[in-house]
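What follows is a short report on a single structure.
Values below: all heavy atoms of this structure, side chains included; hydrogens, waters and symmetry mates excluded. Here, residue 1 is the first one in the sequence, and each next residue gets the next number. Note that ligands are numbered from 1 as they come in the structure, with each ligand's atoms numbered from 1 the same way.
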Amino acid sequence: MNFLEERIIKDGGVKSNTILKVDSFLNHQIDTDLLNEIGKEFKKRFDGKPINKILTIEASGIGIACITALHFGVPVVFAKKSKTSNIGNDLYTAEVESFTHNEVRTIIVSKDYLTENDHVLIVDDFLANGRALKGLISVCRQANATVEGIGIAVEKGFQNGGRIIRELGYRVESLAIVDSMNAETGAVVFRDQEIY
Ligand code: 5GP
């Protein structure tokens with residue numbers, strides 16, 4: 001098991017057969033040492049790619065994105081889920097159905113911060129059905145930016161997002177892939193991945 005899988009076993013919980021609870025270290029209370037390890041690992045896996053921007057979606061992707069960005073020495077852009085008054089009108093937008101809130105939201109990114117000159121690493125905390133990623137990929141396409149890869153902390157391999165996004169031709173690196181989990185027993189089974 002790698003560091004993230006070990007942490008999920010130690011401090012995570014199975015909230016239902018589809019929701020993994022990691023809010024004591026990843027997306028409510030945040031262990032910054034763990035995020036640092038995640039950022040370091042993304043840097044290792046995507047080393048050599050001409051990445052000049054990290055893109056994520058608010059809110060829970062932002063922490064991982066910022067620490068990853070430190071390792072790459074590049075800025076972070078996060079897609080907003082609501083239009084704030086100071087953002088202007090030159091926007092890329094995409095519709096994203098939220099996994100956790102069960103509603104469709106329009107995500108927005110200012111045209112000032114994503115352009116055809118950008119080589120983007122998309123990062124997020126979870127990959128479930130892939131809708132957040134599809135929205136972020138759509139925004140990159142609108143900007144004619146290049147998606148160099150996608151880094152995910154926890155992929156739920158029993159949902160179909162990972163397959164869909166990989167079939168679109170994107171390289172998705174997930175540090176932990178949960179193949180199954182059981183709310184009654186609390187058991188979490190990870191996919192075997194290359195040890196690193
Ligand atoms: P997707 O768009 O791939 O269906 O879902 C990804 C988004 O939903 C992520 O940005 C993440 O915030 C949220 N999410 C999906 N599954 C889980 C989960 O099991 N636990 C938590 N805490 N968030 C999840």
Under a 3.5 Å cutoff, is there a donor and acceptor pairing between the side chains of [X] and [Y]?
| X | Y | answer |
| --- | --- | --- |
| T106 | E95 | yes |
| D118 | N52 | yes |
| D11 | S24 | no |

Task: Lys/Arg N to Asp/Glu carboxylate O, R171 vs E173, below 4.0 Å - done: yes

TODO: Taking T68 for its side chain and I64 for its backbone only, find out whether a donor-acceptor pair lies under 3.5 Å.
DONE: yes

Open item on the list: Other members of the hydrophobic cluster containing I62, with the 4.5 Å side-chain heavy-atom rule, please.
Closed with: F78

TODO: Non-hydrogen atoms closer than 4.0 Å to ligand 1: which protein residues do they belong to? List them by chain and number, please.
DONE: T18, I19, L20, N27, S60, F99, T100, D124, D125, F126, L127, A128, N129, G130, R131, A132, K156

